Amino acid sequence: MKSMTMIRTVKDATILSLLLLTLAVGCTRSVPDRISGGSTADITVVADAFVADAAGGAATATQIPEPTGFGTITGKITVKGSVPDSKFIAYNVNKDTSVCSAELNKRVVVNNGGLQWGLLYYDGPFATGDPKWEHADYLAVTGANLSGDLAFDQKSCIFLSRIYAMRTNQVLEIKNSDTVGHNANLAGLTSANMQIGPNASVTYKPVYQESKPFTVDCKAHPWMSSYIIVRDAPFFAVTGEDGSFQISNVPTGVALPFKFWHEVLPSGAFEITINGASEKLSRGKFNLDPLEPGEQRELNIEIDASLFNNAL
Amino acid sequence: MKQFHNNRQQEVRIASIAVLVCLVLLTACSDPAYFQFNEAYVQAVQLKPDVAKPQMRKLEKRDVELSEMQKENISTILEGAFGTPDQPRIPGGVGLGDFLSMSKLQQAAGPVERDEAHIPRGLYRQHCAHCHGVTGDGQGPTAAFLNPYPRDYRMGQFKFKMTDSNGTFKKPSKEDLKTILLEGIPGTAMPSFRVLAGTDINQMIDYVIYLAIRGEVERSLINAALELTSDEHPLLVDFNNGDKKADDLVFVGEMISSVVIQWVGPNKTGNVQRTIAAAPDNWNSPESVKIGRTLFFQGKANCFSCHGQTAIGDGQKNLYDNWTLELLGLDPSSSDAATGGEADVADISLESQLYFYNEHLSGIGALKPRAISPRNLRLGNFRGGRRPIDIYQRITSGIQGTPMPGNTKLTEAETWGLVAYVLSLPYEASSRPQSAPAFQRDRN
């Protein structure tokens, strides 16, 4: 009798553990913890804000300040110290070798201390078409095509610009100066992936402003990579070979939040020297004091080479 | 007596086991359905590969990280604006009014059941959720066993559609989604739902779009939260600050609107399909096929570059689609792919590529990344449809989210020639020798 009970107990235990095992196996697909919303009251606040499709809805445009005139910002971005070539890797060319160059991918270009391919752009509110914000010189070329010398080009399977800045209302010509086919794959809000035949071109017409540059690559030659940024406001500059830049017709009398960007320092959290004063940036953000009408503001930025060397 | 006692004991024992099992079942699985937070995207945008050693693909933390409080804040905003899987909401004032129908959403959402009039409810969970997941994240229970994986709607990108992928409004039209539901996707696990009533299909379409918009807004909110610096308030909507709160909600509204506009298009009722002129009479004549065959191997169309000299898809094989790039730690929509995007992924070993996934995503249920293969065009199996017009659309508009580009520079005759050649490929002898273009001969 005792052994009967024992057998039964064992049987029961087996059934139980089997069941539990099944359950455990069935449910162990790991998923992240549930993130619940906050209080019901807060959820209701949001729900009420987006309640019915009434006239206009919740959103009302925020007031933007009124500029007093126009000024110019000129300057230079310099690098203190040097970035050795040993930091760079050659393009990993594995096809079309007679056309494609396997040279070093120099992601930081410094000429006599000047940083090329640095990007500065205004990151504040802007009223497109408002003559107080947009100088007549800009209004005159609204909708212009960026073609010819201004086109975004590729040669020897390398994009000729490492960063390209354009406005939302412009149309960009993307050229292929190679004898092989490329495709321009643009990420970003107005994404596109366009096949471009040898010595041909396509056009790109963005719709949305971007908060930061997006990548351009070529799926046929995966080592190719570059960046484009699209902004509503024309107050941006990509530094030239010597690191210099000029931003014309910047509105005066308003706050000037700017951003600095470089492909090797994309997260923009570092210390740089702006007009002699050291400043710690977050996401590349810094503020310029409002300009006076007609003012020609100097903006000189110095970056320590160690920032690049550590990131490369 | 003793026997009775024993039986009694046994009954009690069986009953307690049953109660226990039920209890386990109930506690484990009876939560109301909820939307899963997009943790994989958070991982992809807040961690970046170690640029110092791309070959190692070690990861360093960025200067900012999404806090639990911020995630909770995002969940609150999402639940306020979009509701829950059982009780969906359509946010008002953002332009969705004429596009999505609340009654359709309600019928597609919620648990599977029938109402008094015997009208089915919970259509999404009955027909879609086991692969595409309750959240629309493509991670339903069966997802891991499928190749290709089910679509994750939350990126808002869809492959097969008749809208212009290179145009302004490239989101699929409702008609496009209907085509997929009616036809299925040949060569994948996506079946045809032609047996369902037309009304049921329309309800699921609205619900899928709802999930996609919700997912895109979630991504925008995550991005926006990461943009906030510590000197600003870290919450997207500061519920305890009356003045700030109203402003914050306007900001959220703008964010939702910017997602919605891409779906509803200029006429507010949805994007429209392209009109493609009818094929010329001789589009599949031998001459036309010859034009297509020549182009296939030339830079102008560049098909061979990925689909290979043999057209069996053996060209560029080490690429990933946008959904997978994210699982490798690269945000396909952003510049913060610190190593220069996919360029580096192609350069490094598979093991290193998977480092990010193994380290940060395998533990949270994300599906294992797989490379995307260029289609083998000799199988005669075309996922986006095999009508000539489907192939025409794939060639001219590309396939969104994948490496396949659109070609806008071919003439009508050239494009139809390519269509004819592609459609003839399954019948072309694969032994037919291809002469490589001059610049390709030095390849090996």
Side-chain angles (χ1 to χ4, degrees), chain A residues 12 16 19 23 27 29-32 34-38 42-43 45-47 49-54 57-60 92 95-99 179-181 183 185 187-188 192-195 197-198 200 202 207 212-215 217 219-220 222-225 227 266-267 269 282-283 311-312, chain B residues 13 17 21 24 28 34 36-37 39 51 62-63 71-73 75-77 79-81 89 91-94 97 166 168 227 229 239 249-250 253-254 257 299-300 302 305-306 316 319 332-338 340-343 346-347 363-365 398 403 405-409 439 442-443:
Chain A
D12 287 353
L16 234 165
L19 272 168
L23 277 171
C27 295
R29 175 158 178 253
S30 44
V31 288
R34 175 177 184 185
I35 310 243
S36 312
D42 291 348
I43 292 170
V45 165
V46 182
F50 299 108
V51 64
D53 244 322
T60 43
N92 185 11
K95 68 206 258 196
D96 299 345
T97 43
S98 62
V99 173
T179 50
V180 292
N183 70 289
N185 178 45
N193 186 0
M194 296 173 284
Q195 168 63 32
V202 293
V207 183
K212 54 192 172 183
F214 57 80
T215 49
D217 55 23
K219 299 290 183 186
W223 62 89
M224 296 173 66
S225 176
Y227 295 87
S267 67
S282 170
R283 321 227 132 239
L312 279 167
Chain B
R13 216 172 27 227
I17 291 176
V21 168
V24 172
Y34 62 90
Q36 192 76 52
F37 193 76
E39 195 67 45
V51 281
R62 293 205 329 191
D63 50 321
K71 289 181 190 172
E72 196 183 294
N73 192 241
S75 297
T76 306
I77 298 168
E79 191 171 333
R89 277 195 202 110
V94 291
N166 291 318
T168 306
E227 287 283 328
T229 46
F239 290 102
L249 285 168
V250 169
E254 285 167 0
S257 300
K300 187 170 185 186
N302 221 21
S305 190
C306 293
Q316 195 70 46
L319 298 176
S333 65
S334 131
S335 64
D336 282 2
E342 201 168 353
D347 286 356
I364 57 170
N407 199 323
T408 51
K409 290 289 159 181
F439 56 84
D442 58 359
R443 200 165 165 184

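All values reported here derive from a predicted model rather than from experimental measurement. First the proteins, then the strands, lettered A, B, ... as listed; each starts at 1.
In terms of heavy-atom proximity, Ala220(A) sits nearest to Asn302(B) at CB-ND2, 4.0 Å. Closest non-hydrogen pair, Val46(A) versus Ala81(B), comes out as CG1-N, 3.8 Å.
Not a single donor-acceptor pair under 3.5 Å links the side chain of Glu79(B) to the backbone N or O of Ala47(A).
The side chain to side chain contact (heavy atoms under 4.5 Å, CB included) test with Lys219(A) singles out one residue from Pro403(B), Pro405(B), Ser305(B), and that residue is Pro403(B).
Residues Thr76(B) and Val45(A) are not in side-chain contact: their nearest non-hydrogen atoms beyond the backbone lie 4.5 Å or more apart.
In this structure, Arg89(B) is not positioned above the aromatic face of Phe50(A) in the sense of NZ or CZ being under 6.0 Å from the six-membered ring centre and within 45° of the axis.
Qualifying salt bridge (charged side-chain N to carboxylate O under 4.0 Å, His left out) partners for Glu72(B), counting only residues two or more places apart in sequence or in other chains: none.
Atom CG in Asp42(A) sits 12.5 Å away from atom OG in Ser75(B) (nearest 0.5 Å).
The contact between Val207(A) and chain B is made entirely by side chain atoms (from C-beta outward), counting heavy-atom distances below 4.5 Å. Looking at Lys71(B), both its backbone and its side chain come within 4.5 Å of chain A, counting heavy atoms on both sides. The part of Gln36(B) that comes within reach of chain A is its side chain, from C-beta onward, which places non-hydrogen atoms under 4.5 angstrom from that chain.
Interface remark: of the candidates Leu16(A), Asn183(A), Asp12(A), Asn193(A), Asn193(A) forms the most heavy-atom pairs closer than 4.5 Å to chain B.
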